[in-house]
Amino acid sequence: MLSILSFFGCVGNRLTSGMYISTCRINDLTAVKLQINKDSTFQYFLAYNDELVIGKWKVIKDTLFLTSSKFEERRESLRPVIKNTDQPLKDMYLIKEKKLKIINTHGVTNDCYLKRSK
């Protein structure tokens, strides 16, 4: 029980459950919303995508890993995106205080990070 409480604390680079919202907008819509649940599941809400993307998350050191069966589906190029990074079969974020910074195959980007909603 103690490990669960310390995991969801707000100390340092620990992940806190709740809603994370992208600092970027697409035609006045929030580009990405990410709901992190305490039961290790997540929901993605992506601009211009009506598909609900759900999956599992885990943290290793200071990195959040998201996996979903939706990420494994072949997608036609004209269909809306269901991921926020270019990582194959997963999305990855660097946890920095109340921010989640995108980790693409070329490294961490400071653009369009997700920020913990109040």
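Atoms considered below: every heavy atom in the structure, side chains included; atoms not considered: hydrogens, waters and symmetry mates. From a predicted model like this one, the values you see are computed outputs, not experimental measurements.
- Following chains of ILVMFWY side-chain contacts shorter than 4.5 Å, one can reach Ile21 starting from Leu52, so the two form part of one hydrophobic cluster.
- In the hydrophobic cluster analysis, where Ile, Leu, Val, Met, Phe, Trp and Tyr join through side-chain heavy atoms closer than 4.5 angstrom, Leu46 is grouped together with Leu64.
- Annotation for Cys112 and Ser22: closest pair O-OG, 3.9 Å, computed over non-hydrogen atoms.
- Ile82 and Tyr44 make their closest contact through O-CD1, 3.9 Å (heavy atoms, listed as atom of the first residue, atom of the second, distance).
- Nearest heavy atom pair, residue Lys83 against residue Lys90, reads NZ-O, 2.8 Å.
- Not a single donor-acceptor pair under 3.5 Å links the side chain of Gln43 to the backbone N or O of Leu34.
- Both Tyr20 and Ile102 are part of a single hydrophobic cluster, where members link through side-chain heavy atoms under 4.5 Å apart.
- A donor-acceptor pair under 3.5 Å is absent between the side-chain atoms of Lys61 and the main chain of Thr63, judged by distance alone.
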Residues Phe45, Val53; criterion side-chain contact (heavy atoms from CB on, under 4.5 Å); working and verdict: CA-CA 7 Å; Phe45 306 93; Val53 178; over 6 Å; no

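- A distance of 4.5 Å separates CE in Met92 from CD in Gln87, rounded to the nearest 0.5 Å.
- Hydrophobic clustering (ILVMFWY, side-chain heavy atoms < 4.5 Å, transitive): Ile95 and Ile36 are in one cluster.
- Across Val59, Ile60, Asp91, a single residue satisfies side chain to side chain contact (heavy atoms under 4.5 Å, CB included) together with Phe65, and that is Ile60.
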side-chain contact (heavy atoms from CB on, under 4.5 Å) evaluation trace for Tyr93 with Leu66: CA-CA 9 Å; Tyr93 294 91; Leu66 304 177; 3.7 Å; yes

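- Judged purely by distance below 3.5 Å, without hydrogens or angles, the side chains of Asn37 and Ser17 never pair a donor atom with an acceptor atom.
- Nearest heavy-atom pair across Asn110 and Tyr113 is O-CD2, 3.4 Å.
- Taking both residues in full, the closest heavy atoms of Thr105 and Asp86 are given as N-OD1, 2.7 Å, listed atom of the first, atom of the second, then distance.
- Side-chain atoms of Arg25 and Thr30 include a donor-acceptor pair closer than 3.5 Å.
- Counting all heavy atoms, side chain and backbone alike, Val32 lies closest to Asn84 at CG2-OD1, 3.4 Å.
- Listed by chain and residue number, Glu51 satisfy the side-chain hydrogen bond (donor to acceptor under 3.5 Å, both in side chains) test with Lys70 (two or more places apart in sequence, or in another chain).
- Considering only residues two or more places apart in sequence or on other chains, Phe71 meets the ring pair (Phe, Tyr, Trp, His ring centres under 6.0 Å) condition with none of them.
- Here the NZ atom belonging to Lys56 is positioned 11.5 Å from the OG atom belonging to Ser68, to the nearest 0.5 angstrom.
- Residue Phe42 holds its CZ atom at 11.5 Å from CD of Gln35, rounded to the nearest 0.5 Å.
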